[in-house]
Amino acid sequence: MELNESEREKQTKLARIRALGINPFPPRAEWIAQRVMAIEAADRAKSTGSNTDNQNADQPEQASHTSTPTQPFSVMGRVIRKNTKGKVSFAHIEDESGKVQFFARLGDDSLSAERFQLWDSLIDVGDWVEAVGIPFLTKAGEPSLRISAWNLLSKAITPLPLAKEEKQTDGSIKRYSAFADPDLRFRQRYTDLAVNPEVREIFIKRARLVKGIRDFMDSNGFLEVETPILQPLYGGAAARPFTTHHNQLDQDLYLRISYELYLKRLLVGNIERVYEIGRDFRNEGVSFKHNPEFTQIEFYAAYMDVFAVMELTERMIQAAARAVLPASTNGISQFRGNTINWFQPFARQTMRDAICEHTKLDYTLFPDAESLGAEIVKQNLMSAELVRGKTRGKLIDSLLGDYVEKTLIQPTFLYDYPRDISPLAKSKVDDPATVERFEGFIGGMELCNAFTELNDPFDQEQRFLDEQKGGDDEAQLLDEDYIRAMRYGMPPNGGFGMGIDRLAMLLTDKDTIREVILFPHLRQG
RNA sequence: GGCCCAUUAGCUCAGUUGGCAGAGCGGGAGCCUUUUAAGCUCCGCGUCGCAGGUUCGAGUCCUGCAUGGGUCACCA
């Protein structure tokens, strides 16, 4: 492994550490039993209220005259700033709770001259350390720990690209030359997380979001399950799959593109409310809102129809927003420069009305692909080339994508979808060409998709066969076991799927899905 | 996949008309007993993304490739 100049310097330092008989990578921290989080250490320092001056600094035990406990405790974490000034040394130590300053002083009774020199010469920014000490405030008012003993916990060889920070008069923090190259940040996410605290915050919010959804589902009587990721047949969505192979069985397998067909089998097995949160894989384009693997929640609820699901969805998304957004925001957040109001009732509109509103075209007046396609070209909404070969449903879906989706900033449900792009959804009783389906949009992005599920095995089989005739490479495969399951009797039910990553983007105001996935897909590597 | 832009030190970036590779931060050596973008003195640490080409001479111009970003196409 090739080392750069500063890495070679660190390697030399590592040899010195070893020569001193110090283990630069000890197996454990020494004082974990006395550990206090940095934020608590800082609080204790603040409550001492004593700005130690040079006189009483020689007797740290007497530095505080308050009742606040000043007995020694330990803080462990990472050195993110170090500054030795002559015979005193300052270092900021960061742990998961925040940071606190370590203060070492040559001449303190509690810290030997040798240990001071070693601290000064061996410890660098990036190293993991622990120290025992007593809390106090420096002259500048900085909550600090006057250290009496310390250990190196892990030596950093490669320097962290830590940015310098300057406190502005208004209290905000200005950062200089922060580690910002997206390529490096995503490839070396560990570095990104180590030096950019706001990146850690994204994933804390994401975890809260998932927990909020899980709590909501559990409290509404849903059973969480896990179904196969490796599937002999893929289905439940229109997407190309990743293919793999089981060697011993000599069997091709697919990574799932959805959980739908397995979860609905469970309804046949008398599990009435079921959900899964997990990973889907789609072998398609990568964009700011598409990653080849992404996290989805799907649920299915017996006896519900699409409108009951819509109502439940609204409450679920609001529960997720509540779990992430600070209470002071009242459910208002920003996304791509737009304000989103999560707590107001979600808008509801038919697909026909939405497209009518944005294109002046009422597609219900054109009953087949030929007449609708001709009208679309006539009104100059799409080129003849793009219209060619599309079914009526795909034309409508294209109009939605081109003219409506970007405008749906506030939470909005669009419903009444064409049947031919919805092979697993139940038709409306009075309009067989339309299905009981909705999609939810927020921030101009499609977020979720739901419908009254088709539970008629004969209708379902015919839909699969119709898909095959279309010759589309994203067509649903005929899953005979799924049809068999349905023949045993599937209760009427409503189903739902939602991209968790996109919801995380919306709630953290991130422009790209890569910001909310810890290790997003990148080429070569 | 098409088009456009970018890629220079560990990080963030400058680099003029083709003429010795630069700055700040970081790092090293030294000074400094309450610093906090600490300060002061000295030190540049480099496969200018990769491979070719043009030229006396290429970080700079040309071609191809790689990676990233934007955009269009595609995409439940």
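Order of the sequence lines sets the chain letters (A, B, ...), proteins ahead of strands, with each chain counted from 1.
Remark: A:F307 engages A:Y415 in a ring pair (Phe, Tyr, Trp, His ring centres under 6.0 Å) (not counting sequence neighbours). By the ring pair (Phe, Tyr, Trp, His ring centres under 6.0 Å) test, A:Y482 pairs with no residue at all, sequence neighbours left out. With sequence neighbours left out, the side-chain contact (heavy atoms from CB on, under 4.5 Å) criterion links A:S97 to A:M37, A:A38, A:I39, A:D95. For A:N291, the side-chain contact (heavy atoms from CB on, under 4.5 Å) criterion is met by A:E293, A:I513, A:I517, A:P520, A:H521, not counting sequence neighbours. Listed by chain and residue number, nothing satisfies the ring pair (Phe, Tyr, Trp, His ring centres under 6.0 Å) test with A:F294 (two or more places apart in sequence, or in another chain). Judged as a salt bridge (charged side-chain N to carboxylate O under 4.0 Å, His left out), and not counting sequence neighbours, the contacts of A:D511 are A:R336. For A:D420, there are no salt bridge (charged side-chain N to carboxylate O under 4.0 Å, His left out) partners, not counting sequence neighbours.
Side-chain atoms of A:H290 lie closest to B:C75 of the nucleotides B:G68, B:U12, B:C75.
For the strand RNA chain B, secondary-structure stems (runs of at least three Watson-Crick or G-U pairs, all distances below 3.5 Å) span B:1-7 with B:66-72, B:10-13 with B:22-25, B:27-31 with B:39-43, B:49-53 with B:61-65.
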What side-chain donor-acceptor pairs closer than 3.5 Å can you find for residues 84-93 of chain A, not counting sequence neighbours?
from  : atom 1 : to     : atom 2 : distance (Å)
A:T84 : OG1    : A:S89  : OG     : 2.9
A:T84 : OG1    : A:D120 : OD1    : 2.8
A:S89 : OG     : A:W119 : NE1    : 3.1
A:H92 : NE2    : A:E142 : OE2    : 2.9

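Note that CD1 of A:I355 and CE of A:M351 are 4.5 Å apart. Values are rounded to the nearest 0.5 Å.
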Restricting both atoms to N or O, compile the protein contacts to nucleotides 69-72 of chain B shorter than 3.5 Å, with distance only.
from  : atom 1 : to     : atom 2 : distance (Å)
B:G69 : OP1    : A:R514 : NH1    : 2.8
B:G69 : OP2    : A:R514 : NH1    : 3.2

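Less than 4.0 Å separates RNA chain B from at least one heavy atom of each of the following residues of residues 415-423 of chain A: A:I421, A:P423.
Residue A:R240 has no polar side-chain atom (N or O) positioned under 4.0 Å from OP1 or OP2 of B:C75.
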Inset, instruction - Take nucleotides 23-32 of chain B nucleotide by nucleotide from the 5' end and write B, S or -, depending on whether a protein heavy atom sits under 4.0 Å from the base, only from the sugar-phosphate, or from neither. - result: -BSSSS---B
